[in-house]
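Comments concern the structure below.
We're numbering straight along the sequence, starting at 1. Since we're looking at a predicted model, the values are computed, not measured.
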Amino acid sequence: MELRHLRYFVMVAEELHFGRAAERLHMAQPPLSQRIRDLERELGVRLFDRNPHRVSLTEAGALLLEHARGVLERADAAREAMRRIRPGDSGVLRAGVPPDTTPMALRTLVATFAEHVPDVLLELHELTTASQLAKLRAEELDVGLVRHPCDTVGLESSKVVHRRLGVVLPADHRAARQEVVRLRSLDGSPLVIFPREMAPQLYDHMLEACRDNGFLPGAIRHARNPHFVHGLVMSGLGAHLNEEPYDGLPAGLVWRPIDEPRLTWSTSAVWLPAQGGEVVTAFADAALAGLREVGHALLA
């Protein structure tokens, strides 16, 4: 039994007139009558009593109508569910965010996006900048939230939010006594930094800025998990460059601003030009609102 035959049947049952039902279905009356006869032959029952003056449902027709409406409602619900998971403006938006995005930023991003585009499902993926760029170009993501500098050739970008970095140090480190830490005073200290493959150009930019300011790390240790990072710093195994923590630091650690304005988390939304549109713009606006939520952010 085809769904379209059920739809034809329900329309005739509601109108009890083949001509009016055909008009509502935007089809001619003879094909509609033929489809109803086909359905009756398939089911082996007569669904309508027909005479020159009126059309009425048979007992079998009334029973089928009761079931047909439920079947069509469920079919429409299934079709809507499938519509919502199709990529694009009327489905799901696949978006990447950096692994260290704060809970406050995520909360604001999700709430702002839902407010402006309530009929689109936001599918968030925790991905590094390098992974986001690769997936964007492979069309496995619709939009990403990346750290600059990075290779955005062929991509469009939102405005950039800049967040100044400082340094996380053991509380008894000699540089911790400075109100603003001069990077030169860290010369020879180990540096704890994210692995280069996460964001190669940003990694190189950060080491270059340190070198230009007289900070040549005695060793470089790679870490991405905040607990591991803090454990290394607390153990005296390195200083760590990052923004001011939104929820404080473990006892024994301090954060101090630094004297190099080039060292920032500079973040923007990026996407392929073909993926642009109102939904992507809504995500970019929501993401920037989330980043600004944490404070001390500059928009450029």
Side-chain angles (χ1 to χ4, degrees), residues 97-108 126-130 145-150 160-267 290-298:
V97 296
D100 60 351
T101 305
T102 67
M104 291 171 59
L106 278 177
R107 179 191 62 190
T108 300
E126 181 190 28
L127 297 166
T128 66
T129 289
L145 195 60
V146 300
R147 293 264 168 79
H148 299 272
C150 61
V160 180
V161 171
H162 302 280
R163 297 181 55 77
R164 291 284 299 271
L165 300 187
V167 61
V168 179
L169 296 165
D172 58 359
H173 193 286
R174 64 184 185 279
R177 295 191 294 270
Q178 301 175 28
E179 187 174 338
V180 176
V181 172
R182 298 184 302 277
L183 285 177
R184 183 177 300 277
S185 67
L186 299 176
D187 190 37
S189 297
L191 176 67
V192 179
I193 190 172
F194 57 85
R196 186 177 186 275
E197 61 267 21
M198 292 178 64
Q201 289 178 268
L202 176 58
Y203 182 98
D204 295 343
H205 166 75
M206 293 179 70
L207 291 186
E208 180 182 355
C210 289
R211 183 196 63 212
D212 291 348
N213 282 272
F215 173 23
L216 297 178
I220 293 179
R221 295 186 170 90
H222 295 131
R224 56 184 297 173
N225 181 286
H227 295 297
F228 186 49
V229 168
H230 293 158
L232 292 176
V233 177
M234 195 178 297
S235 302
L237 297 178
H240 175 61
L241 298 171
N242 209 332
E243 63 186 312
E244 185 174 6
Y246 78 98
D247 57 352
L249 287 168
L253 296 181
V254 295
W255 181 90
R256 296 287 184 265
I258 54 177
D259 63 346
E260 174 48 85
R262 288 184 297 162
L263 286 175
T264 65
W265 291 150
S266 298
T267 311
L291 292 172
R292 292 194 296 268
E293 178 79 9
V294 193
H296 306 297
L298 302 174

**Message:** Using 0.5 Å steps for rounding, measure from the NE2 atom of H240 to the NE2 atom of H230.
**Reply:** 6.0 Å
**Any donor-acceptor N/O pair, N225 side chain to H227 backbone, under 3.5 Å** = yes
**Prompt:** To the nearest 0.5 Å, what is the distance between CG (L202) and CG (L263)?
**Reply:** 9.0 Å
**Request:** Taking the side chain as every heavy atom from C-beta outward, state whether P257 and V180 have any pair of such atoms under 4.5 Å apart.
**Result:** yes
**Request:** Could you note down all residue pairs passing salt bridge (Lys or Arg N to Asp or Glu O under 4.0 Å) where residues 252-264 supplies at least one of them, sequence neighbours left out?
**Result:** D212-R262, E260-R262
**Minimum heavy-atom distance between P99 and E126, given as atom pair plus value** = O-OE2, 3.3 Å
**Message:** Enumerate the salt bridge (Lys or Arg N to Asp or Glu O under 4.0 Å) contacts for residues 215-233, please, sequence neighbours excluded, ordered by first and then second residue.
**Reply:** none
**Request:** List the atom of F194, the atom of M206, and the distance in Å for their closest heavy-atom pair.
**Result:** CE2-SD, 3.6 Å
**Item:** Pairs flagged by salt bridge (Lys or Arg N to Asp or Glu O under 4.0 Å) wherever residues 176-196 is involved - sequence neighbours left out
**Value:** R196-D204
**Asked** Between P103 and D247, is any pair of side-chain heavy atoms under 4.5 Å apart?
**Response** no
**Request:** For N242 and W265, work out which heavy atoms get closest and say how close.
**Result:** OD1-NE1, 2.9 Å
**Message:** If I compare all heavy atoms of Q201 with all of C150, which pair ends up nearest, and what's the gap?
**Reply:** OE1-C, 3.0 Å
**Message:** For the OG1 atom of T108 and the CG atom of L291, what is their distance to the nearest 0.5 Å?
**Reply:** 9.5 Å
**Item:** Residues in side chain to side chain contact (heavy atoms under 4.5 Å, CB included) contact with S266, at least two apart in sequence or another chain
**Value:** H148, V160, H162, T264
**Message:** What's the separation between atom CG in L183 and atom CD1 in I258, rounded to the nearest 0.5 Å?
**Reply:** 4.5 Å
Show me, pair by pair, the donor-acceptor contacts under 3.5 angstrom made by side chains of residues 166-175, not counting sequence neighbours?
from, atom 1, to, atom 2, distance (Å)
H173, ND1, A175, N, 2.9
R174, NH2, S185, O, 3.2

**Request:** State the CG-CD distance between L186 and Q178, to the nearest 0.5 angstrom.
**Result:** 7.5 Å
**Message:** With heavy-atom distances below 4.5 Å as the criterion, would you say the side chains of L145 and T267 are in contact?
**Reply:** yes
**Fill in**
dist R147:CZ -> H205:NE2 (nearest 0.5 Å) comes out at 12.5 Å
**Nearest atoms (heavy-atom pairs only) where W255 meets L165** = CZ2-C, 4.1 Å
**Request:** Sequence neighbours left out, what passes side chain to side chain contact (heavy atoms under 4.5 Å, CB included) with I220? Give chain and number order.
**Result:** I193, Y203, L207, P217, H222
**Item:** Side-chain heavy atoms of T129 within contact of M198, under 4.5 Å
**Value:** no
